[in-house]
Amino acid sequence: MSAEDPPAAGDETTVRTKQNFIQAIVQQDIAAGKNDGKLVTRFPPEPNGYLHVGHAKAICLNFGLAEEFGGRCNLRFDDTNPAKEEQEYVDSIQSDIAWLGFDWGGQELYASNYFEQLYAMAEQLIGKGVAYVCDLSPEQTREYRGTVTKVGTDSPFRDRTVEENLDYFRRMRAGEFEDGARTLRAKIDMASPNMNMRDPVMYRILRATHHRTGDTWCVYPMYDFAHGQSDAIEGVSHSLCTLEFENHRPLYDWFLDHLDLRARPEQTEFARLNLTYTITSKRKLLELVEGRHVSGWDDPRMPTIQGLRRRGYTPESVREFCSRIGVARFNSTVDMVQLENALRDDLNQRAERRMAVLRPLKVVIENYPEDKLEEREAINNPEDESAGTRSIPLTREIYIERDDFREDAPRKYFRLAPDRDVRLRYGYVIHCNEVVKDERGEVTELRCTYLPETADGQPPEDGRKVKGIIHWVSAAHGVTAEVRLYDHLFSTPHPGDVPEGGDCKDNLNPSSLEVLQGCRLERGLADAKPGDRYQFERLGYFSVDPIDSRPDSLVFNRAVSLRDSWAKIEKKGSKK
RNA sequence: UCCAGAGUGGUGUAGCGGUAGCACGCGAGGCUCUGAACCUCGAAGCCGGGGUUCGAAUCCCCGCUCUGGAUCCA
């Protein structure tokens, strides 16, 4: 580059990297020397369900920040409610995070690790006179709390002495009282406009076997009493959570203020991810699984990490998606095509091309000798020369896609039709002479002739223009497989928007799954291994189902179709 | 009704007092042995009203709308 050259548009010195508001906060805090200039974040799932794409956003945020600023991100299971939590979920969550490509240092943490310390903190607050044991029943507690518009009423047990509270709390731990008989509450303000500050419960009595601590405890801390202190214990500097915890921040800070903790984590909230045509609610996803509307948490139609994984998504594409959608404080719904495009962009670069005919229609090339077999050279990936080439056999009888033939070709349709031409990808131009039908009038076979001079992309001698190019598979050499096509799980963009008494399940898309048998794949695909991904030319990206596929009966999942501008044209035409 | 938060093209996101940018989507064209990819061009936006200022998406005030908040859930 000569000295006169203007700086390139992408010049690093001229482009300020765009950052989201949390990156900005972190950068400022580090510059200001907060937490000795060290960033520590955490991802704190409750092990009571499978992770979904919304969690992926939080994971990418927390782990991504740690990577970017040379900090650390802890994986901490928020396991303070033994009634709901299970080891199975712990395992799946770890597997999902690892799949996404993040590293928590091999050492997962648990809020339950801190039960003893949290208990001591509770006694400390009792000692300070800011926590008390309350004998109100759950129902009474609710009544005394008031409503959003009506202030609460002080509990009659609010003014017990420190000694009395300590005694009761120790006996709670010792198991002297029934489940639900007493609670430990923070003495804050029953008239606070923030409901979370109306003497929130810190501990409840609950006899349930905990997945880690077994039966050693019968009192368990509530989320609010566990989360901030767990952050502090771990030296977390930035505690990122979703918007619905905004009203909890004063309480988060209150506990920290009243305990003598060295570290001072800071909670910042961001908007959770919503995606069109699906739901990101653990509860509702569970309903779909339990109601058998899907085959399981890993059904390829599910927005769970396991579902995306099985469908054929790459971890890179999910991370790229998370980076594209950004992070903000505004509740928003991201268009599903964003996710799909992230996958397309990734696989377009990396996936090898193959030919596959999903709905086969036999074509006999009448002037092609029966015993003739040509090996045609095909490019494995036009985006990556190093992927090389392969050879595919061409014979007299082949299969083409039913959709690539129309008896009555609409305007602008430039594939095969009676007395029309089309090019076989990597092969010759063929001309359709005759349409063979069965007694029901259904097209069963096409009789065609090929133009020998049109090999290697050469045009027909008579100057005819052939615009259409279609994929095909030799009838004698293809392998048969099952292919599963997926569409949106819900038929409406905002399935959660339902009228009173409605249910998002009313919006389920009845044709979200289409199973195709007898698909014909190019011969080399016989060796495809579970999880392998390919672009089936002109169709989309497909991967071998890791659960149901067998070497002798392959099952492919369509992860995402290719963009289809013909479908768009046709749709537009039919509207007019 | 009370508290908290948020409103920038269709969607998502930058901008932090000085000509409103990016991505996807959309439209038009080009290229192409994938109607893909790629390239070019284009349409489209600061919730409303007042103020402060030479100058406001940005600061102030008043509205409007949306989201969240009453589990011994997280």
Side-chain angles (χ1 to χ4, degrees), chain A residues 16 18-21 24 44-46 48 78-81 83-85 134 136-139 141-143 145-152 179-185 192-198 200-206 219-220 222-224 226-227 241-250 269 271 276 282 324-338 340-342 344-345 348-349 353 355 378-379 382-383 412-415 423-427 429 454 456-458 466-471 493 535-540 561-570:
Chain A
R16 207 166 85 245
K18 180 174 131 176
Q19 46 178 25
N20 63 52
F21 79 101
E46 183 188 13
N48 70 340
D78 222 332
D79 55 351
T80 58
N81 185 0
K84 292 186 177 175
E85 297 148 6
C134 178
L136 253 27
S137 70
E139 301 71 41
T141 306
R142 205 174 310 129
E143 282 161 26
R145 190 159 34 230
T147 68
V148 288
T149 51
K150 215 177 68 200
V151 299
D179 281 13
R182 290 189 159 85
T183 57
L184 181 71
R185 302 176 66 179
S192 172
N194 182 341
M195 301 286 291
N196 297 118
M197 301 298 270
R198 320 245 262 226
V201 172
M202 296 162 58
Y203 270 89
R204 76 281 216 185
I205 304 172
L206 181 60
V219 290
Y220 290 95
M222 301 289 290
Y223 164 85
D224 287 304
H227 204 94
C241 62
T242 44
L243 250 24
E244 66 266 28
F245 290 98
E246 215 164 359
N247 295 333
H248 291 246
R249 183 158 23 104
E269 309 84 15
T276 55
K282 265 198 243 180
R324 289 181 190 180
I325 59 175
V327 177
R329 290 181 62 85
F330 177 63
N331 281 305
S332 60
T333 302
V334 174
D335 198 321
M336 182 64 93
V337 302
Q338 293 276 7
E340 295 170 345
N341 281 336
R344 290 185 178 114
D345 291 349
N348 177 47
Q349 296 300 316
R353 273 58 169 172
M355 292 208 280
I379 295 165
E383 305 290 329
K412 287 196 195 167
Y413 181 88
F414 44 80
R415 278 117 90 159
R423 174 176 290 283
L424 298 176
R425 175 83 160 146
Y426 297 122
V429 170
T454 58
D456 303 315
Q458 294 305 306
V466 178
K467 185 140 195 221
I469 299 157
I470 64 172
H471 59 275
Q535 181 197 100
F536 289 174
E537 291 212 26
R538 306 206 307 128
L539 296 174
S561 66
L562 249 35
R563 284 197 190 83
D564 187 352
S565 58
W566 163 246
K568 226 181 285 176
I569 292 167
E570 197 170 34

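Just the heavy atoms: all of them, side chains too, but no hydrogens, waters or symmetry mates, feed the values below.
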Colleague: Could you go through nucleotides 70-72 of chain B and list every protein N or O atom that sits under 3.5 Å from one of its N or O atoms, giving the distance for each pair?
Modeller:
from, atom 1, to, atom 2, distance (Å)
C72(B), OP2, R145(A), NH1, 2.8
C72(B), OP2, R145(A), NH2, 2.7
C72(B), N3, G180(A), O, 3.1
C72(B), N4, L136(A), O, 2.7
C72(B), N4, P138(A), N, 3.0
C72(B), N4, G180(A), O, 2.8

Colleague: Output the single nucleotide from G35(B), C33(B), C22(B) whose closest atom is nearest the side chain of K18(A).
Modeller: C22(B)
Colleague: According to side-chain contact (heavy atoms from CB on, under 4.5 Å), who are the partners of K412(A), at least two apart in sequence or on a separate chain?
Modeller: W566(A), I569(A)
Colleague: Which one, A74(B), G35(B), G69(B), comes nearest to the side chain of N247(A)?
Modeller: G69(B)
Colleague: Please report, rounded to the nearest Å, how far the P atom of C46(B) is from the CZ atom of F330(A).
Modeller: 15 Å
Colleague: Return the CD to CZ distance between E143(A) and R145(A), rounded to the nearest 0.5 Å.
Modeller: 10.5 Å
Colleague: Expressed as a whole number of angstroms, how long is the span from H471(A):NE2 to U34(B):P?
Modeller: 13 Å
Colleague: So, OP1 or OP2 of U11(B): does either fall under 4.0 Å of a side-chain N or O from T333(A)?
Modeller: no
Colleague: Please check the phosphate of U13(B) (OP1 and OP2 only) for any side-chain N or O of S332(A) closer than 4.0 Å.
Modeller: yes
Colleague: Can you figure out which of U67(B), G5(B), A74(B) approaches the side chain of R329(A) most closely?
Modeller: G5(B)
Colleague: Can you list everything that forms a salt bridge (Lys or Arg N to Asp or Glu O under 4.0 Å) with D564(A)? Sequence neighbours excluded, please.
Modeller: none
Colleague: Please report the distance separating the C1' of C22(B) from the corresponding atom of G9(B), rounded so that it comes out in whole Å.
Modeller: 12 Å
Colleague: Work out how far the P atom of G7(B) is from that of A57(B), and round it to whole angstrom.
Modeller: 16 Å
Colleague: Is there a salt bridge (charged side-chain N to carboxylate O under 4.0 Å, His left out) between E269(A) and R329(A) once you walk through the steps?
Modeller: CA-CA 7 Å; E269(A) 309 84 15; R329(A) 290 181 62 85; 3.3 Å; yes
Colleague: For D335(A) and for Q349(A), locate the closest nucleotide of RNA chain B by heavy-atom distance; then report the residue assigned to the nucleotide nearer the 5' terminus.
Modeller: D335(A)
Colleague: Which is true for N48(A) with a 4.0 Å heavy-atom rule: it touches a base, it touches only sugar-phosphate, or it touches nothing?
Modeller: nothing
Colleague: Between K412(A) (NZ) and G35(B) (P), how many Å, whole number?
Modeller: 15 Å
Colleague: For a quick check of understanding: with a heavy-atom distance under 4.0 Å over all strands, which category does V151(A) fall into, base, sugar-phosphate or nothing?
Modeller: nothing
Colleague: Going by the angle between their ring planes, with limits at 30° and 60°, are Y223(A) and H248(A) parallel, tilted or perpendicular?
Modeller: perpendicular
Colleague: Enumerate all atom pairs, one protein N or O and one N or O from nucleotides 38-42 of chain B, separated by less than 3.5 Å.
Modeller:
none

Colleague: Starting at CD1 of I470(A) and ending at P of U34(B), how long is that distance when rounded to a whole Å?
Modeller: 13 Å
Colleague: Describe the nucleic acid contact of F536(A) in one word from base, sugar-phosphate, nothing, applying a heavy-atom distance below 4.0 Å.
Modeller: nothing
Colleague: Using 0.5 Å steps for rounding, measure from the CZ atom of R204(A) to the CZ atom of R185(A).
Modeller: 14.5 Å
Colleague: What is the separation between atom CG on N341(A) and atom P on A36(B), rounded to the nearest whole Å?
Modeller: 13 Å
Colleague: Would you mind telling me which of G27(B), C73(B), C33(B) lies closest to the side-chain atoms of K568(A)?
Modeller: G27(B)
Colleague: Looking at every non-hydrogen atom in both residues, tell me the closest pair between E537(A) and H471(A) and how far apart they are.
Modeller: O-ND1, 3.6 Å
Colleague: Under a 3.5 Å cutoff on both atom distances, Watson-Crick or G-U, what's the dot-bracket for RNA chain B ([ ] crossing, | other strand)?
Modeller: .((((((..((((....[..)))).(((((.......)))))....(((((..]....))))))))))).....
Colleague: Taking CD from E537(A) and C1' from G35(B), how many angstroms apart are they, rounded to a whole number?
Modeller: 13 Å
Colleague: Compare the minimum distances between each of C33(B), G68(B), U34(B) and the side chain of Y426(A), then state the nucleotide with the smallest one.
Modeller: C33(B)
Colleague: Hey, is the side chain of R415(A) pairing donor to acceptor with the base of G35(B) inside 3.5 Å?
Modeller: yes
Colleague: Rounding to a whole Å, what distance do you find between F21(A):CZ and C16(B):P?
Modeller: 17 Å
Colleague: Please tell me if the side chains of R344(A) and L562(A) come closer than 4.5 Å, counting only heavy atoms from C-beta onward.
Modeller: no
Colleague: Taking the side chain of F414(A) as its heavy atoms from C-beta onward, which of A14(B), G12(B), G35(B) lies nearest to it?
Modeller: G35(B)
Colleague: Choosing from A74(B), G35(B), U13(B), which nucleotide comes nearest the side chain of D78(A)?
Modeller: A74(B)
Colleague: Contact class for I325(A) vs. all strands (heavy atom < 4.0 Å): base, sugar-phosphate, or nothing?
Modeller: sugar-phosphate
Colleague: Do M222(A) and T80(A) come close enough that some side-chain heavy atom pair is under 4.5 Å?
Modeller: no
Colleague: Nearest whole angstrom, please: distance from the C1' of G12(B) to the CD of Q338(A).
Modeller: 6 Å
Colleague: If I take atom CD1 from residue I205(A) and atom OG1 from residue T183(A), how far apart are they, to the nearest 0.5 angstrom?
Modeller: 8.0 Å
Colleague: For the side chain of Y223(A), starting at C-beta, report the closest nucleotide among A74(B), U34(B), C22(B).
Modeller: A74(B)
Colleague: Checking N81(A) now: which residues fulfil side-chain hydrogen bond (donor to acceptor under 3.5 Å, both in side chains) with it, not counting sequence neighbours?
Modeller: none
Colleague: Which comes earlier along RNA chain B counting from the 5' end, the contact point of A328(A) or that of P382(A), where each point is its nearest nucleotide?
Modeller: A328(A)
Colleague: Base, sugar-phosphate or nothing for R344(A)? Non-hydrogen atoms, less than 4.0 Å.
Modeller: nothing
Colleague: Calculate, to the nearest 0.5 Å, the distance between atoms OG1 and CG belonging to T141(A) and L136(A) respectively.
Modeller: 4.5 Å
Colleague: Starting from the C-alpha separation in whole Å, work towards a yes-or-no answer on salt bridge (charged side-chain N to carboxylate O under 4.0 Å, His left out) for R324(A) and D345(A).
Modeller: CA-CA 12 Å; R324(A) 289 181 190 180; D345(A) 291 349; 2.9 Å; yes
Colleague: Describe the nucleic acid contact of F245(A) in one word from base, sugar-phosphate, nothing, applying a heavy-atom distance below 4.0 Å.
Modeller: base
Colleague: Of the listed nucleotides (A14(B), U34(B), G5(B)), which one gets closest to any side-chain atom of E246(A)?
Modeller: G5(B)
Colleague: Could you give the distance separating G50(B) and U71(B) at their P atoms, to the nearest angstrom?
Modeller: 43 Å
Colleague: Rounded to the nearest 0.5 Å, how far apart are CG of D78(A) and CG of N48(A)?
Modeller: 10.0 Å
Colleague: Heavy atoms from C-beta onward define the side chain here; which of A74(B), U11(B), G35(B) lies closest to that of W566(A)?
Modeller: G35(B)
Colleague: Determine whether a donor-acceptor pair (one donor, one acceptor, N or O, separation below 3.5 Å) exists between the side chain of H248(A) and the base of A4(B).
Modeller: no
Colleague: Find out whether V201(A) and L184(A) are in side-chain contact, i.e. whether some heavy atom of one side chain is under 4.5 Å from a heavy atom of the other.
Modeller: no
Colleague: Tell me if the side-chain of Q535(A) makes a donor-acceptor pair with the base of U34(B), cut-off 3.5 Å, by modelled atom types.
Modeller: yes
Colleague: Using the P atom as the point on both nucleotides, what is the distance between A56(B) and C60(B), in whole Å?
Modeller: 15 Å
